[in-house]
Amino acid sequence: MNLMKATVLYAPTLRQSPAEAEILSHKLMLRAGLIRKAAGGVYTYLPLAVRTLRKIETIIREEMDAAGGQEIAMPIIQPAELWKESGRWDVYGAEMMKVTDRHDREFCLGPTHEEMVTSLVRDEVRSYKELPLMLYQIQNKYRDEIRPRFGLMRSREFIMKDLYSFDRDEEGMNISYKKMYDAYSNVFTRCGLDFRPVEADNGAIGGGHSHEFTVLAPAGESNIACCTKCGYAASDEKAEIKLPAADTEEMLPMEKIPTPGTHTINLLAEFLHIPAAKTIKAVAFADENDRVILAFVRGDHEANETKIKNAVGALQLIMAEDTAICAVGGEPGFMSPIGINEEATVVVDSAVMNMKNAVTGANERDYHYKNVNPTRDFTNKNMIVTDIRMVQDGDPCPRCGEKMFMTRGIEAGQVFSLGTKYSEALGAKFLDEDGKEKPFQMGCYGIGVGRTMQAAIEQMNDEHGIIWPRAIAPFEVVVVPVNAKDEKQFAIAEKIYEELKAENIDVLFDDRPERAGVKFKDCDLIGYPLRVTVGNKAAETGEIEIKIRKSGEMKNLPADNYLTELKEILKGL
RNA sequence: CGGGACGUAGCGCAGUUUGGUAGCGCGCUUCCUUGGGGUGGAAGAGGCCGUGGGUUCAAAUCCCGCCGUUCCGACCA
């Protein structure tokens, strides 16, 4: 941290952004001289980026240590045997960067370290007395992404903090999980980010619960639903939806009506002059065993494939062929559960069961039923009724009932409780108090360090450049003499620089003999939270100027009495 | 892996249609000028036109292969 003069700092800013960058944060990282590309999804971090990364890492270390974590450093190169033992050598497959040594022994560049850390603990930890144990590292990770994108957002080499917890029982695991959940909240709060801990689907990893820590930003790749009131947030695939009260209309007798050519909800609603919410939409899937699955949601809702998979116990869903639909008694475009063969799996969204006098297909070309009342008319055996719809903007929160809004975010971290998946696969056991051998209850917890940096940029910027939160800014303050050739100005600026340095403030002295405009543009682009400008006024009346990057606010202060106020302003950034 | 686009100086691009001396803006070097939001001027340096092959008297330009980049899709949690 001794490179503090701009004349020696290697920060090659660019006026135009290279054509390869698509999203704003990626462009800004290139333009502000933070990173340069070495290969697809592989980057060199330049000094400014390294300073920010170190600051993020320091915050992470402090919080991990405070939560009881102990830092270790595991190898990047991992033997294939371990991965074959856990069964993930083939599962991870093409995602893994594989290496062969001169003896033809296989290795991979670690995409994650569950195997590594579990084998370590398996070989070393024998007794419940040594638990709980939390081990972490901050390490380069490798994933051979099909399509690296967006700079550090989806890269093939990336810096990740990964912590693994080992407990004697589920209760202990849940305590560790909670500790990590809190530590993560502290990390992202301290980084100055607007984020949400988002309830997530565990997917193939299995185990208990999982949260993704998502930094809110429109360019993010994850869709999430957030409650406007209680803080509930969940990924769109996971988000539960509070069921509104059932319609109270009188049930009318069901009637078959001709509806020529209305094979979509829009056409149907238009034809009958009714709102889409009065219709029932059908979506037909086939699963990995060629089972036909018919899902029904309200006309103005969307089916949620993840929820459907979970509801029917399918691993994979594809759109069903028309012939498969007909085989179970359905008619594409005019489907309903009424009269469908038993062999089809029928899943109905809970909200549909609340509908009264709805319109649904008649399983016959160009005909629908009206006055359909699902509680009365859906009589299929084995029909599954549950929440299978995709959350929408304005849906009620499952916790408090207030409205939720949809937003996008960048997943910067995630916490998983794993249970005994890896400890069992790798035979990692300890001897418990009762004299019995038991597998460890594990959890794993990751933070993408580079991704966190980029998420901060994606979230905080304006047309001039990056706006760093103070905690992770490469420098907190930049001191700029307007005219570096003016000895008086330069001397005052240098004095202020020395004073700030003595106060342990992370300060850069922009001593370059550039014109003021050039230096100002660079300052804004790189995004130092605070700029101290020393110009003519300083030489004449002894006044310096402080500019807050975030608000653009400026303040004139005497050059011999500014420190208290500057520190005060800095605190609020 | 499928479909599209692109590859010419450090960055952004023109030139390719119609084959014939490699260009522009920014940046860089030196000097002068200017000195509170990318100042103005002068003189320079810098290119295996991604790569390999082919066609041709002659290829940045036409043809074929490969590599790389990028977008959409598939994939991934």
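Remember, it's a predicted structure, so these values are computed and weren't measured experimentally.
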Problem - Same-atom distance (P) from B/A22 to B/G50, integer angstrom - result: 15 Å
Exercise for the section: Anything under 30° is parallel, anything over 60° is perpendicular, the rest tilted; go ahead and classify A/Y43 against A/H26. Expected result: perpendicular
Handout entry: Mutual orientation of the aromatic rings belonging to A/Y184 and A/Y445 [parallel < 30°, tilted 30-60°, perpendicular > 60°]
Key = perpendicular
Practice task
Scan A/Q414 against the nucleic acid and name what it touches under 4.0 Å (heavy atoms): base, sugar-phosphate only, or nothing.
Solution key: nothing
Practice task
Scan A/P513 against the nucleic acid and name what it touches under 4.0 Å (heavy atoms): base, sugar-phosphate only, or nothing.
Solution key: base
Practice task
Measure from the side chain of A/L525, starting at C-beta and using heavy atoms only, and say which of B/G36, B/G38, B/G12 lies closest.
Solution key: B/G38
Handout entry: Cation-pi check, A/R156 onto A/Y142 ring (under 6.0 Å, within 45° of axis)
Key = no
Practice task
May I ask you to say what A/R147 touches in the nucleic acid, namely base, sugar-phosphate or nothing, with a heavy-atom cut-off under 4.0 Å?
Solution key: base
Handout entry: Base of B/G37 paired with side chain of A/K521 (donor-acceptor, under 3.5 Å)
Key = no
Practice task
Among B/U70, B/G12, B/C76, find the nucleotide with the atom closest to the side chain of A/R154.
Solution key: B/C76
Problem - Nucleotide nearest A/E20 when distance is taken to its side chain, options B/G36, B/G38, B/U69 - result: B/U69
Problem - B/G35 base / A/K519 side chain donor-acceptor hit below 3.5 Å - result: no
Practice task
Could you tell me whether A/T533 contacts a base, only the sugar-phosphate backbone, or nothing, with contacts defined as non-hydrogen atoms closer than 4.0 Å?
Solution key: base
Exercise for the section: For A/A19, answer base if it contacts any base atom (sugar-phosphate contacts may also be present), sugar-phosphate if it contacts only those atoms, and nothing otherwise; contact means non-hydrogen atoms under 4.0 Å. Expected result: sugar-phosphate
Fill in the blank from the handout: Of the candidates B/C1, B/A77, B/C71, the side chain of A/I146 sits closest to B/C1
Fill in the blank from the handout: Re B/G37: Watson-Crick or G-U wobble partner, both distances kept under 3.5 Å, found to be none
Handout entry: Complementary nucleotide for B/G50 - Watson-Crick or wobble, under 3.5 Å
Key = B/C66
Problem - Lys/Arg N to Asp/Glu carboxylate O, A/R389 vs A/D395, below 4.0 Å - result: yes
Problem - Flag if over 12 foreign heavy atoms under 6.0 Å of CD, A/E487 - result: no
Handout entry: Nearest-angstrom distance from the residue atom CD of A/E95 to P of B/C76
Key = 9 Å
Exercise for the section: Would you mind pulling out the nucleotide paired to B/A42, Watson-Crick or G-U wobble, both distances under 3.5 Å? Expected result: B/U30
Problem - Distance, P atom - from B/G41 to B/C26, rounded to whole angstrom - result: 9 Å
Handout entry: B/C6 and B/U61, which share atom name C1', separated by this distance in whole Å
Key = 16 Å
Exercise for the section: For the side chain of A/R531, starting at C-beta, report the closest nucleotide among B/U34, B/C71, B/G37. Expected result: B/G37
Practice task
Find out whether the Lys NZ or Arg CZ of A/R531 is both under 6.0 angstrom from the six-membered ring centre of A/F520 and within 45° of the ring's axis.
Solution key: yes
Exercise for the section: Give one of base, sugar-phosphate or nothing for A/D524, where a contact means two heavy atoms less than 4.0 Å apart. Expected result: base
Problem - Below 4.0 Å: OP1/OP2 of B/U39 and any side-chain N or O of A/R515 - result: yes
Fill in the blank from the handout: Of the listed B/G37, B/G35, B/C71, the closest approach to the A/K547 side chain comes from B/G37
Exercise for the section: Not counting sequence neighbours, which residues clear side chain to side chain contact (heavy atoms under 4.5 Å, CB included) with A/S17? List them please. Expected result: A/K27, A/R31
Handout entry: A/R154 bridged to A/E145 by N-O distance under 4.0 Å
Key = yes
Problem - Of A/R31 and A/H26, the one whose closest RNA chain B nucleotide lies more 5' - result: A/R31
Please list, pair by pair, any protein nitrogen or oxygen found under 3.5 Å from a nitrogen or oxygen in nucleotides 24-29 of chain B.
| from | atom 1 | to | atom 2 | distance (Å) |
| --- | --- | --- | --- | --- |
| B/G25 | N2 | A/Q16 | OE1 | 3.1 |
| B/G27 | OP1 | A/R15 | NH2 | 3.4 |

Practice task
Look through every strand shown and name the nucleotide pairing with B/C24 as Watson-Crick or G-U wobble, where both distances are under 3.5 Å.
Solution key: B/G12
